[in-house]
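Contents: one structure, followed by commentary.
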Amino acid sequence: MLDRMVLTLYTISLAIISFMMVLFAAAPDWVPVVSWLDGARGTSGRLAIFGAGLIFFLVSVRLIIFAFSRRGGGQAVVHETALGDVRIALDAVENLVRKVARGIKGVRDIKGTVTRTQGGLVVELRAVISPEVSIPDVSEEMQSAVKSYVRRVVGVEVAEVRLHVENISNESTRRRLD
């Protein structure tokens, strides 16, 4: 969240600076930036420009690192077999988890993340549930289905399945009329 706010402020600042550069190139006599820069020739003006430049440089480096780093560092689950190790990307496990959770009756929308801990995998699900079903029943069914499906397909234990019901769907079940 912090990176998104910094990115937004940074983008707005660069948009203003680039707009001023375009104005300066198009009509150099009209742009008041020239007079501001003339006033910045003193020590305090140079320090202000240095500080602004340093902040922009540091934010640029941070955003470049953020842009090229992958979430979770490309982590994988290692399943050991008699013939060798099998590496399964956490993204693949997340896709499996979402597939299972979508198959549960009453689940309208699902988002999930999987993280690896020493005790096993931790699955976090964010769901939108239909108003016609019991949330405790759906959550229990979803947790047990995800846990057993990941154990069966991936071969790794799920330490915990956390479910956050974000919303109750306002949409009623649509029936198709033919």
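All values reported here derive from a predicted model rather than from experimental measurement.
The two residues Lys147 and Ala159 have their closest heavy-atom pair at NZ-O, 4.2 Å. Closest approach of Arg98 to Gly112, counting heavy atoms only: NH1-O, 3.3 Å. In plain terms, the two heavy atoms of Val133 and Gly106 that are nearest each other are CG1-CA, 3.8 Å. Pro131 approaches Ser169 most closely through the heavy-atom pair CD-O, 3.2 Å.
Cluster annotation: Val128 and Val138 are assigned to distinct hydrophobic clusters (Ile/Leu/Val/Met/Phe/Trp/Tyr, side-chain heavy-atom contacts under 4.5 Å, transitive). In the hydrophobic clustering of ILVMFWY residues, with side-chain heavy atoms under 4.5 Å counting as a link, Leu9 and Leu58 come out apart.
For Ile135, the side chain to side chain contact (heavy atoms under 4.5 Å, CB included) test picks out Ile129, Val165, Ile168, with sequence neighbours left out. For the side chain to side chain contact (heavy atoms under 4.5 Å, CB included) test, residues two or more places apart in sequence or in another chain that qualify with Ala145 are Val100, Ile104. In this view, Ile12 and Thr8, Ile16 satisfy the side chain to side chain contact (heavy atoms under 4.5 Å, CB included) rule, not counting sequence neighbours. Under the rule for a salt bridge (Lys or Arg N to Asp or Glu O under 4.0 Å), the partners of Glu157 that lie at least two apart in sequence or sit in another chain are Arg151. Residues meeting the side chain to side chain contact (heavy atoms under 4.5 Å, CB included) test with Leu96, sequence neighbours left out: Tyr149, Val153, Val154.
Within the structure, side-chain hydrogen bond (donor to acceptor under 3.5 Å, both in side chains) pairs that include any residue of residues 116-128 comprise Glu124-Arg162 (at least two apart or interchain).
In this structure, the side chains of Glu94 and Val97 stay at 4.5 Å or more apart for every pair of heavy atoms. Here the side chains of His164 and Leu125 are not in contact, with every heavy-atom distance at 4.5 Å or above. Using a 4.5 Å heavy-atom cutoff, the side chains of Thr115 and Leu121 are not in contact. Looking at heavy atoms from C-beta onward, Val122 lies out of side-chain contact with Val114 at the 4.5 angstrom threshold.
Summarising the local packing, CD of Glu166 is surrounded by more than 12 heavy atoms from other residues, nucleotides or ligands at distances under 6.0 Å.
Separation of atoms NZ (Lys105) and CD (Glu132) is listed at 8.5 Å; rounding is to 0.5 Å.
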